[in-house]
Amino acid sequence: MGKMRAVLCGYYGKGNGGDEALLAALLQMLPEEVTPIVLSGNPGQTTSRYNVRSCDRFSPWQVYSAIRSADAFIWGGGSLIQDVTSINSAFYYGGLMGLAQQMGKKTIAWAQGIGPLKRPITRAMARRCFANCSAVSVRDKASAGLVSEWHIPFWIAPDPVWALEGALVKGLWDLPAPRVAVTLRQHQELTPVRLACLTRALIDFQRATQTCILLVPFQQSQDLAIAQSIQAAMPEVSHIICLEDPKQLKGLFGGVEMVIGMRFHSLIMAAASFCRCFALSYDPKVSQLMEELQLPGWDIAALPEDPNIISQTWLECYANGEPLSLVQIQSLVDRALMHQDLLKQTLTLG
């Protein structure tokens, strides 16, 4: 019997470090006997980076042909089914899952962070898609609550990126130590006034700690301009580090003492690398992570207006904050591998 083929569908090939990390983790966890076909916004880049077959997620014919030729369809991780950023995204992913189910393919909703779902139409579509899946795994309690309410069987496990292998970052150890990483992103709550306040606090924090500040855009289209505006204001040493390879992105945090992060996966990567974390939440998924890991931080909408309060709070975290213990990290990694067990169970070639 030939190899099983599986279409992997997510926000791939769009330059988002968190989604690329989910793809890398999915490819790492996929059973050896399964050949992946990745739907990507940049098929050439996806093929060269991961050495997999890829097709254009925006080409209806390529997508239809890929699903038709496959045995399974995997919704690959993250906040795909939500209607806050755009209702189009929920319909795109829900439509493809519905198509795969109509064609009789094995369908897996994998490592999902479901919601927010504000509209009845998207909620009804999500419920129908998940109900018809061969298997479902979710990455947080809120998503688990939703599928449980819908009476759909599921597995719950931490985000797969906990278990992603890191890679060395060339030149990182040549930068001055100690190092602190900052991962901010564009958001309506990160107003120019709040960004200016954070920048002022970062200058004061650096002056007090003599740390090398690493500004790390996770999605250059959304994060790079913010990193550049902060760097332009920093009188001491800082570096903007743009990494395309998600394994290197994870490896970066192995050389960092602390992260000040808005990006969800930057906090996971840092926490998994024994980094102290300070979170700036813009989304329920970040707030849930803060609660689960007991991370210090603020909701970005409730950021103190005084930069001195911010810098003093960061100094306290830097001086006295505790990274996760080896036991905690190992437990999260082991449990994240349940997403791998689900793939093995569901994609058996019996």
Side-chain angles (χ1 to χ4, degrees), residues 1-14 19 22-23 25-27 29-31 33-41 43 46-47 50 52-83 86-115 117 121-139 143 146-147 150-155 160 339-350:
M1 185 182 279
K3 276 195 160 192
M4 173 181 262
R5 287 186 298 265
V7 170
L8 313 189
C9 173
Y11 193 66
Y12 307 142
K14 301 289 283 179
D19 289 287
L22 282 165
L23 174 57
L26 174 51
L27 291 169
M29 293 184 185
L30 211 56
E33 62 269 26
V34 177
T35 300
I37 307 161
V38 180
L39 305 186
S40 172
T46 298
T47 293
Y50 303 106
V52 292
R53 188 180 147 203
S54 180
C55 65
D56 184 354
R57 76 196 295 269
F58 298 116
S59 163
W61 175 246
Q62 285 189 33
V63 170
Y64 177 83
S65 300
I67 296 173
R68 192 181 58 185
S69 72
D71 305 287
F73 179 90
I74 304 171
W75 256 350
S79 308
L80 303 180
I81 298 299
Q82 49 85 17
D83 56 15
S86 159
I87 196 168
N88 298 341
S89 135
F91 278 106
Y92 174 83
Y93 295 113
L96 292 188
M97 176 61 93
L99 176 65
Q101 288 169 346
Q102 279 182 342
M103 289 183 178
K105 310 300 179 182
K106 279 189 176 180
T107 51
I108 300 174
W110 184 80
Q112 293 290 307
I114 309 164
L117 292 170
I121 189 169
T122 40
R123 186 174 273 257
M125 182 198 63
R127 180 176 186 167
R128 188 172 64 251
C129 286
F130 282 103
N132 291 327
C133 280
S134 313
V136 174
S137 70
V138 297
R139 69 179 184 186
S143 301
L146 206 50
V147 286
W150 293 339
H151 305 293
I152 294 167
F154 67 93
W155 297 32
H339 295 294
Q340 180 171 337
D341 296 337
L342 178 94
L343 293 171
K344 282 181 183 167
Q345 273 196 27
T346 314
L347 299 175
T348 51
L349 292 173

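Keep in mind that this is a model prediction, so the values were computed, not measured.
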Shortest non-hydrogen contact from [X] to [Y]?
X: A131; Y: I152; result: N-CD1, 3.5 Å
X: G41; Y: F58; result: CA-CE1, 4.2 Å
X: Q112; Y: L80; result: NE2-CD1, 4.1 Å
X: A90; Y: I81; result: O-CD1, 4.0 Å
X: S79; Y: R139; result: OG-NH2, 3.1 Å
X: H339; Y: S137; result: ND1-OG, 2.9 Å

Quick one: does [X]'s side chain get under 4.5 Å of [Y]'s, heavy atoms only?
X: V52; Y: T35; result: no
X: V138; Y: I114; result: yes
X: L146; Y: F130; result: no
X: K3; Y: V34; result: no
X: Y11; Y: Y93; result: yes
X: L30; Y: P36; result: yes
X: P153; Y: V136; result: no
X: L26; Y: P160; result: no

Checking the side chain of [X] only, and the main-chain atoms of [Y] only, is there a donor and an acceptor separated by less than 3.5 Å?
X: T346; Y: S134; answer: no
X: Y12; Y: G76; answer: yes
X: S40; Y: S54; answer: no

Derivation and outcome, side-chain contact (heavy atoms from CB on, under 4.5 Å), residues S89 and Q82: CA-CA 7 Å; S89 135; Q82 49 85 17; 4.1 Å; yes
From CA spacing to verdict: side-chain contact (heavy atoms from CB on, under 4.5 Å), I37, R5: CA-CA 7 Å; I37 307 161; R5 287 186 298 265; 4.2 Å; yes
Roughly how far, to the nearest 0.5 Å, is the [atom2] atom of [Y] from the [atom1] atom of [X]?
X: L347; Y: D71; atom1: CG; atom2: CG; value: 9.5 Å
X: N88; Y: T122; atom1: CG; atom2: OG1; value: 11.5 Å
X: S143; Y: F154; atom1: OG; atom2: CZ; value: 9.5 Å
X: M97; Y: I74; atom1: CE; atom2: CD1; value: 9.5 Å
X: L343; Y: I108; atom1: CG; atom2: CD1; value: 5.5 Å

Stepwise side-chain contact (heavy atoms from CB on, under 4.5 Å) test for Q345 and W155: CA-CA 12 Å; Q345 273 196 27; W155 297 32; 3.6 Å; yes
Greater than 12 external heavy atoms within 6.0 Å of I87's CD1: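 Check passes, neighbour count above 12.
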From CA spacing to verdict: side-chain contact (heavy atoms from CB on, under 4.5 Å), L39, L8: CA-CA 6 Å; L39 305 186; L8 313 189; over 6 Å; no
Ring centres under 6.0 angstrom apart (W110, F73): no
Return all side-chain donor-acceptor pairs below 3.5 angstrom for residues 98-105, not counting sequence neighbours, or 'none' if the list is empty.
unit_1	atom_1	unit_2	atom_2	d
Q101	NE2	T107	OG1	3.4
Q101	NE2	C129	O	3.0
Q101	NE2	N132	O	3.4
K105	NZ	R68	O	3.0
K105	NZ	A70	O	2.8

Ring-face cation contact, Y92 with R57, 6.0 Å cut, 45° max: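 Yes.
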